[in-house]
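The structure appears below as C-alpha cells.
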Amino acid sequence: MSENDPQPPTFIYGATRDWPGYFASVAGKPARETLLFALDRFENERPGDAIDLGCGEGRDTQELLNRGWNVLAIDGSQEGVDLLLSRPGLEGHPNLTTRVSTFESLDSLPKVRLLNASFSVPFCHPDHFERFWKVMTGAIVAGGRFAGQLFGDRDSWATIPDRSHQSRAEAERLFRGFDLEMFDEEERDKQDFQGIEKRWHVYHVVARKRG
Ligand SMILES: C[S@@+](CC[C@H](N)C(=O)[O-])C[C@H]1O[C@@H](n2cnc3c(N)ncnc32)[C@H](O)[C@@H]1O
C-alpha cells in the first residue's frame, strides 16, 4: 500500500490536524487502493449510492463519480469540501451531495452500498467512537461494503488523546457481521522531513456486510 500512503512530509499534517496543509500536500493524488479494490468487487453490479466519509479534497469522491456512483461526501473541514467542489465539473454535479459535519455529531446517514472512509475514521474522538461506528456501519445495506483504514494500537499517534486506535483483535471485532475481503495490517517506521520518526500501524480494510 506504499504508493497511496501519506508520505513525508504529508503525514505530519495529520498529527496536528492541519487539514489545509494536508489537502495541499495530497493535491492531484489518485484514489486510494482500498477504494479501487472495493470498486473492483462491485464490477458486475451497477453503481449505486455511496458515502465518502472524511472525503477531504475529494480524491476518492472524484473516482466514485467518474464510475457513475451517487456520492454523499462528508467532511468536518469546510475547506476540504470547498476544494472538492472546486474540482472541474463537481460544483452542481447531479450525482454529488456534500455535507460539512464532524463524525462526532453525525447521528444518521442514508443507506448505501458503499461506505468509503479513507484514513479518516481514526480521527473520531474516542468518546464518540462507538456511536459513530454504529451509525456508520448501520448505513451499509446487506451485501454492501466498507472500504478504508483503521489505525492500530502501536501507531505513534495512538497516544494522542483525541484519536481512536484499535488492536488487531479490536479491529476485527468491529467487523463482526462482515466478511473481510481485505484486511492488510501494515507496520513500519517512517521519518518526516525533519527526521522525526513515526510508526505507522494501519489496517487497510475492505469488508462486505452479511445479509
Ligand atoms: C487524513 S485526511 C484523509 C482525507 C481523504 N479521505 C484522503 O484519503 O486523502 C482525514 C480527513 O478527515 C477529516 N476529519 C478529521 N477529523 C474529523 C472529524 N472528527 N469529523 C469529520 N471529519 C474529520 C479531515 O478534515 C480530513 O479531510
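Along the sequence shown, residues are numbered consecutively beginning with 1.
For the ring-ring contact (aromatic ring centres under 6.0 Å, His included) with H165, the qualifying choice from F151, F129, W200, W157 is F151, the only one to do so. The only member of W19, Y13, F103 that meets ring-ring contact (aromatic ring centres under 6.0 Å, His included) when paired with F123 is W19.
For the pair R17/R163, a side-chain contact is recorded, criterion being any heavy-atom separation below 4.5 Å from C-beta on. Using a 4.5 Å heavy-atom threshold, the side chains of F132 and L53 count as touching.
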TODO: Run the numbers on K198 and D155 for salt bridge (Lys or Arg N to Asp or Glu O under 4.0 Å), then give the verdict.
DONE: CA-CA 8 Å; K198 179 192 185 300; D155 188 278; 2.8 Å; yes
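Of the charged side-chain nitrogens involved, at least one lies within less than 4.0 Å of a carboxylate oxygen, so that D179 and R210 count as a salt-bridged pair. In this structure, E57 pairs ionically with R87, as a charged nitrogen and a carboxylate oxygen lie closer than 4.0 Å. With salt bridges taken as basic N to acidic carboxylate O contacts below 4.0 Å, none links R59 and E63.
Y22 places no side-chain N or O within 3.5 Å of a backbone atom of G56 that could act as its donor or acceptor partner. The main-chain N or O of V81 is never found under 3.5 Å from a side-chain atom of D75 such that the two would form a donor-acceptor pair. At least one donor-acceptor pair closer than 3.5 Å links the side chain of S156 to the backbone N or O of R199. With E104 contributing its side chain and H125 its backbone, the two residues share a donor-acceptor pair below 3.5 Å. Judged by distance alone, the side chain of R32 and the main-chain N or O of A117 form no donor-acceptor pair under 3.5 Å.
The aromatic rings of F146 and W133 sit tilted relative to each other, their planes meeting at an angle between 30° and 60°.
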